[in-house]
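Here's the structure, in structure tokens; my notes come after.
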Amino acid sequence: MSATSIPADINRKHLEMARQQISNGDLQKAALTLNKAHRKMPGDARVFMLAGLMAEKAGNLTKAEEAFDRCVELAPMWGPGLLETALYRARRDQFDLAIEMAEKVARIEPRNPQVLAGVVDIAHRAGNHEMAVLHLRRGLELFPNDAMLRQHLAADLGELGEHTEALQIWNALVDEFPEQPVYKMGRIKVQIARGEPVAALDDIRTLEEKFPQDATLAYYAALARAETPQHIPVGMHQAMFDEMAERFDRHLVLGLNYQLPKIVAGQLIARHPEKDFNLLDLGCGTGLLGLFLGPMQGYLIGVDSSLKMIEEAAKHGVYDRFHNVDLLGALQNTPANEYDVLTLLDVLIYIGAPQLVIPNAARILKTGGELIFSCETAPEDGPDLVLQPSQRYAHKRSHIEALCKQAGFSVSTEELVLRQEGGEPVQGFVVTATKTAA
């Protein structure tokens, strides 16, 4: 079935109106409009496609799935319906189905730029950089000078470790568009990933002249000077966490076997069976700690730099309130002697220097309060702080223990596997530091 096989003169006006109403969030009017279109032509696949989008926007995922399935059943070879259904499947993390449908629509409409963009989007959502590269190369055969396609290809090649080809593309883009900062930034990233940070210095200096307050550039400048940055700028991970928020729990718990929030919640409940303590969950993410703690007698406050993560955490209905702020800023601005427990689970791996965290945590906690946090393990015979190829920090256990003691804590640590990554265990340790004096 093709779009032209649908008699557009019957339903087009209603369908265009419904699409606009859905876009504006006026879902009741959209439903009425689609009902009119359905009465005019019950077998119009476009009605069901738009009904799927409308139901998804309303949060009725069962109805959305039924509508998209009916659309594909009515028009199994209609490109727009297949593409919207594939995108819906990808948004619901049903990546096998999404990829299968995306590849089908790419075969049906191989020269359609909108289809190409949708297929690449699905590949990115699925984390399938090989698929993205395949279709970006196909797109460049059709549109060989398209800068956006080349930019995406360079970025995906970098994700796959194909740094030489990625660098060639970034070089060409910088030569053609020397005033575009995004291309210089792409070249900086790939040069650092290639283990050649000094080669990035010229681009870093050029961009620093234009953006002197950019924390990301300062971070890369430190790497180019063979220094270990003391922390990773918030913006470098914020976009990643925003994008991953809806599937973050499944990815961590099912994909990476991440059990730390469950373990810590169990230990806290064992020590405080009435759950009558006040807890500040810094870097709360999607609220896994709150989920395992359940309803509290004391209050539970979540802090995260990603608003999308907070929106997911709020769905558990356990946290009393949230703050969408930078974690270091939250530590500095929280009043003294305020909390019984402060947690930072899988947070220092992104923040970096513990000197920025531990003294303020001691100030915030009441006497007898507990600071609980996790670190990835750095070798004891190396530096205190190590920035790993994963762009996460590892910490030397003895250094962490010493800093806690200096801040007025008594310390106990437990070694454990934090998660799996690439089929390998990530070794780490959990610190429970108890404030011994005011």
SB check [X] [Y] (cutoff 4.0 Å):
| X | Y | answer |
| --- | --- | --- |
| E312 | K315 | yes |
| E100 | R89 | no |
| D202 | K184 | no |
| R125 | D121 | yes |
| E415 | R397 | yes |
| E376 | R419 | yes |

If every non-hydrogen atom of [X] is compared with every non-hydrogen atom of [Y], which pair is closest and at what distance?
| X | Y | value |
| --- | --- | --- |
| A18 | L34 | CB-CD2, 3.7 Å |
| A224 | P197 | CB-O, 3.4 Å |
| D320 | G298 | OD2-O, 4.0 Å |
| P354 | P359 | O-CD, 4.1 Å |
| G352 | Y393 | CA-CD1, 3.2 Å |

With side chains defined as the heavy atoms from C-beta onward, is the minimum distance between T216 and K189 less than 4.5 Å? no

Student check: side-chain heavy atoms of M131 and L134 closer than 4.5 Å: no

Is the count of non-hydrogen atoms from other residues, nucleotides or ligands lying under 6.0 Å from K63 atom NZ greater than 12? no

Is the CZ atom of R392 crowded by more than 12 outside heavy atoms at less than 6.0 Å? yes

Looking only at side chains, do [X] and [Y] share a donor and an acceptor under 3.5 Å apart?
| X | Y | answer |
| --- | --- | --- |
| T334 | R363 | no |
| D326 | S305 | no |
| Y220 | D203 | no |

Can you tell me how far apart CD (E109) and CG (L82) are? Round to the nearest 0.5 Å. 9.0 Å

Might you work through the side chain to side chain contact (heavy atoms under 4.5 Å, CB included) test for N337 and K435, ending with a clear yes or no? CA-CA 10 Å; N337 305 307; K435 184 175 175 179; 3.4 Å; yes

Tell me whether the rings of Y183 and F177 are parallel (<30°), tilted (30 to 60°) or perpendicular (>60°). tilted

Do side-chain atoms of D304 reach the backbone of V325 as a donor and acceptor pair under 3.5 angstrom? no

